[in-house]
Amino acid sequence: MTPTLPLPPNREAHLISLIQSTQSLHHLKQIHGLVLRLHLFFSGSPIATQLISSSSRLRSIPFALSLFRLFPSPSPFLFDAIIRALSDHSLFDSSLSHFALMFNSSLRPGRLAFPFALKSAAFTSRTALAFSLHAAAAKVALDLDFFVRTSLVDMYVKLDLVVCAIKVFDETPEWHRAGNVLLWNVVINGLCRSGDVERARELFDVMPERSVASWNSLVQGLLKRGDLDAAVELFEGMPERNVVSWTTMVAGLSRNGDNQRAVWMFDRMLEGGVRANEFTVASALSACSRMGALESGVRVHEYALGNGFRADGAVGTALVDMYSKCGKIERASEVFDQMEQRDVLTWTTIIMGWAIHGHWRRALQCFEDMRCACVKPDDGVFLAVLMACTHSGKVEKGVELFDSMRFDYKIEPTMKHYTCMVDLFGRAGRLEEALEFMKAMPVEPDFVLWGALFSACRAHKNVKMAELAAENFLRLKPSHSGGYVFLSNMYSSAKRWDEAEKVRTTMKDQSVEKSPGWSYIEVRGQTHRFLAGDQSHPRSNEIHNRLEELVLRAKEQGYEPDIDCVLHDIEEEDKEDSLECHSEKLALAFALISTVDREEIRIVKNLRVCVDCHSLMKVASSIYGREIILRDNKRFHHFKTGVCSCGDYW
DNA sequence: GTAGGGTTAG
């Protein structure tokens, strides 16, 4: 059937505006049919060009390509359109080969083809090609073009050749760059990316006019190097902020550990009437995930649901991660199941989720499912399955997966994989194998890896190997307090007091600061943080009373304080009651006085939970009939009716 | 043609 389309006398112009405004590929194909019948579909026709551009806009590269291929000798406009379409859809290789086709024909690429070819070269990291393209553009004086010049600078920035970017910028005549804010922005962004915020600031101060993007780049530069206060100050002073500015803050604060402020920024943005996009939502969810703040996370989720965000891509993955890291692995799994698109990152996230919750079977099942879904495993997903084995003591399975990664998938292990393996052997008490594994590694172990071995030695009370591990740990990372604390604890529990004392003195001499243990709990939208021995909470008295009561009742049930753990916290060791001061116990006591019966209790702790707290939590879960979900810095512990989901393996 | 995002060992 011929579609009935109204055709006024100026039919070509009308067709073009019809093509540009259509929102469906089906409709576009109908128009194409009509154009064919009207004999308006030929190489030099602007209608043909518009059809290709619109296919790209409607995300159908196959149709765009099939149109392009109908022309034995395409016009320069058609080449421009297809090169741009391919580059816009990240099909950089294809974009470049079409550029080459154009270049080698009698046609010369013009001011529209070059920018997209430059972008493609940048994204495929082809430095040599980048230089040739630059030279080719210069040869025909196109490098002086507004578009081309900006693209050149941006290309060098993307290729991490900031020096080249600045050179192009500096060689741009004054009159040329005066009215090109974009050119300035691109350079400023390049400088910020390479860490040279000072120089970026100098350019920022003298540029003829600024846009929001200029500010955003600078703020991002400061956040990237951890200068949070400076970033916030600049941000607050911005004459205008857009969704990118806010997202930059949310993501940057979160990456630097200030998740509370990140979520606050998100809320402020919404209060100010700025609509979030998927980048913002994903960043906000990530902040909630890092904090373990379920209530905030649910709020962001509700916002996403109410504003038509699809739980796919980054938002979906961030949701899965948020629920998983907030203790709701079943909920994470539901979200995961409902997703339509899952990439390797999504799978990694859910596998890691099952891993940290101690469900190695579910983790491995997901890994199988992922392979069945033809998603190619990468090093990250292997790390996640190895973690699953580590947290559940599945040593043989872990070794098998590690070998499979290397030999079946030809993926070279990274230091993270090696550490995971040492942890796998170490936690299982197979210390000799762990050490052997380290010796067989093709690379020199780093301090993290020695740290993993050390933890294993401590858990399995092998002082001799612990000394070796600590020695290397401190050799590679003398400023790290953990090494000293560990070693001192080791000697203490082996009753080698003199040596323990010596380590502590060394530590004090080098003025190494110990990172304090804290626990965090969210009660009805309010967050409460406790430090070890904390008495600053307004309800501190009640908390300590409830804790005493808990310990008494627990003792009736056979709980015995584990004295070894007192030594865990060396600064507290002289206090008799220091065991009762661990921050997770305070958080638990607070939860008991501030939540209702049977309500589940979720605690987040920044260090690994000690044996004593772990056993008290178990007893508490049965005494009060509560489910206690504790996230420590490694994994989750679900305490219920006197047992822990980790099976006391952690 | 510019700015922002989801996973990752101890």
Side-chain angles (χ1 to χ4, degrees), chain A residues 84 87 111-112 114-116 118-119 122 145-155 157-158 180-190 192-193 211-221 223 242-252 254-255 277-286 289 312-322 324-325 343-353 355 378-384 386-387 390 413-424 426-427 446-456 473 480 482-483 486 608 633-634:
Chain A
R84 171 169 197 173
S87 148
R111 56 184 301 274
L112 279 177
F114 262 105
F116 300 105
L118 294 171
K119 180 183 165 190
D145 178 85
F146 225 72
F147 270 71
V148 178
R149 197 126 191 118
T150 313
S151 303
L152 274 171
V153 175
D154 185 49
M155 174 184 75
V157 166
K158 287 199 167 71
N180 190 350
V181 191
L182 219 61
L183 188 68
W184 289 82
N185 283 351
V186 171
V187 170
I188 286 176
N189 184 243
C192 287
R193 278 216 224 179
S211 68
V212 200
S214 336
W215 293 81
N216 288 347
S217 290
L218 220 57
V219 169
Q220 166 71 1
L223 286 168
N242 62 12
V243 64
V244 177
S245 329
W246 289 101
T247 310
T248 306
M249 289 308 289
V250 174
S254 170
R255 250 201 323 275
N277 60 27
E278 55 175 2
F279 286 61
T280 330
V281 171
S283 310
L285 285 170
S286 172
S289 159
D312 269 325
V315 172
T317 306
L319 268 175
V320 171
D321 186 54
M322 185 277 289
S324 147
K325 300 263 172 63
D343 62 16
V344 69
L345 245 53
T346 319
W347 287 99
T348 306
T349 306
I350 192 69
I351 292 172
M352 188 59 96
D378 66 1
D379 59 330
V381 81
F382 269 105
L383 202 55
L386 288 178
M387 287 273 291
T390 300
T414 66
M415 196 58 86
K416 298 181 182 185
H417 296 93
Y418 292 127
T419 309
C420 212
M421 291 304 287
V422 167
D423 205 23
L424 177 74
R427 279 186 207 226
D446 65 357
F447 81 95
V448 180
L449 218 164
W450 285 110
L453 183 70
F454 189 90
S455 301
F473 181 94
H480 196 289
F486 284 165
R608 234 162 88 172
N633 65 346
K634 292 288 159 295

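Convention: sequence-line order gives letters A, B, ...; per-chain numbering from 1.
Comparing B:dG10, B:dG4, B:dG1 by their nearest atom to the side chain of A:L182 picks out B:dG1. Of the candidate nucleotides B:dA3, B:dT2, B:dT8, B:dT8 has the atom nearest to the side chain of A:K416. Here the nucleotide nearest the side chain of A:A213, chosen from B:dA3, B:dG6, B:dG5, is B:dA3. For A:K634, counting side-chain heavy atoms from C-beta on, the closest listed nucleotide (B:dG10, B:dT8, B:dG4) is B:dG10. You'll find that the side chain of A:D446 is closest to B:dA9, out of B:dG6, B:dA9, B:dG10. Considering only side-chain atoms of A:L383, the nucleotide from B:dA3, B:dA9, B:dT2 that sits closest is B:dA9. If you check B:dT7, B:dA9, B:dG1 against the side chain of A:R84, the one that comes closest is B:dG1.
With sequence neighbours left out, the side chain to side chain donor-acceptor pair (under 3.5 Å) criterion links A:S245 to A:N216, A:N242. Residues passing the side-chain contact (heavy atoms from CB on, under 4.5 Å) test with A:N185 are A:V181, A:M207, A:S211, A:A213, A:S214, sequence neighbours excluded.
Contacts of A:A314 with the nucleic acid, taken as non-hydrogen atoms under 4.0 Å apart, include base atoms. Here A:G252 lies out of heavy-atom contact (under 4.0 Å) with every strand. Base engagement by A:N242 is indicated by at least one non-hydrogen atom pair under 4.0 Å involving a base atom. If you check every strand for non-hydrogen atoms under 4.0 Å, A:D145 touches nothing. Counting any heavy atom pair closer than 4.0 Å across all strands shown, A:F116 reaches sugar-phosphate atoms only and no base atom. Here A:R255 lies in heavy-atom contact (under 4.0 Å) with sugar-phosphate atoms only. Contact annotation for A:V448: base contact, defined as any heavy-atom pair under 4.0 Å involving a base atom. Residue contacts for A:M387: at a heavy-atom cut-off of 4.0 Å it reaches the sugar-phosphate backbone alone, with no base atom in range. Residue-level contact check: A:T346 touches the bases, meaning some heavy atom is under 4.0 Å from a base atom. As judged by a 4.0 angstrom heavy-atom cut-off over every strand, A:D343 is placed among the base-contacting residues.
If you check the side chains of A:N277 and A:T280, you find a donor sitting under 3.5 Å from an acceptor. Remark: the A:D423 side chain and the A:T390 side chain contain no N/O donor-acceptor pair separated by less than 3.5 Å.
For the residue pair A:S87 and A:K119, the shortest heavy atom distance occurs at OG-CD, 3.5 Å.
For the pair A:F147 and B:dG1, the ring geometry qualifies as stacking, because the centroid separation is below 5.5 Å while the planes lie within an angle under 30°.
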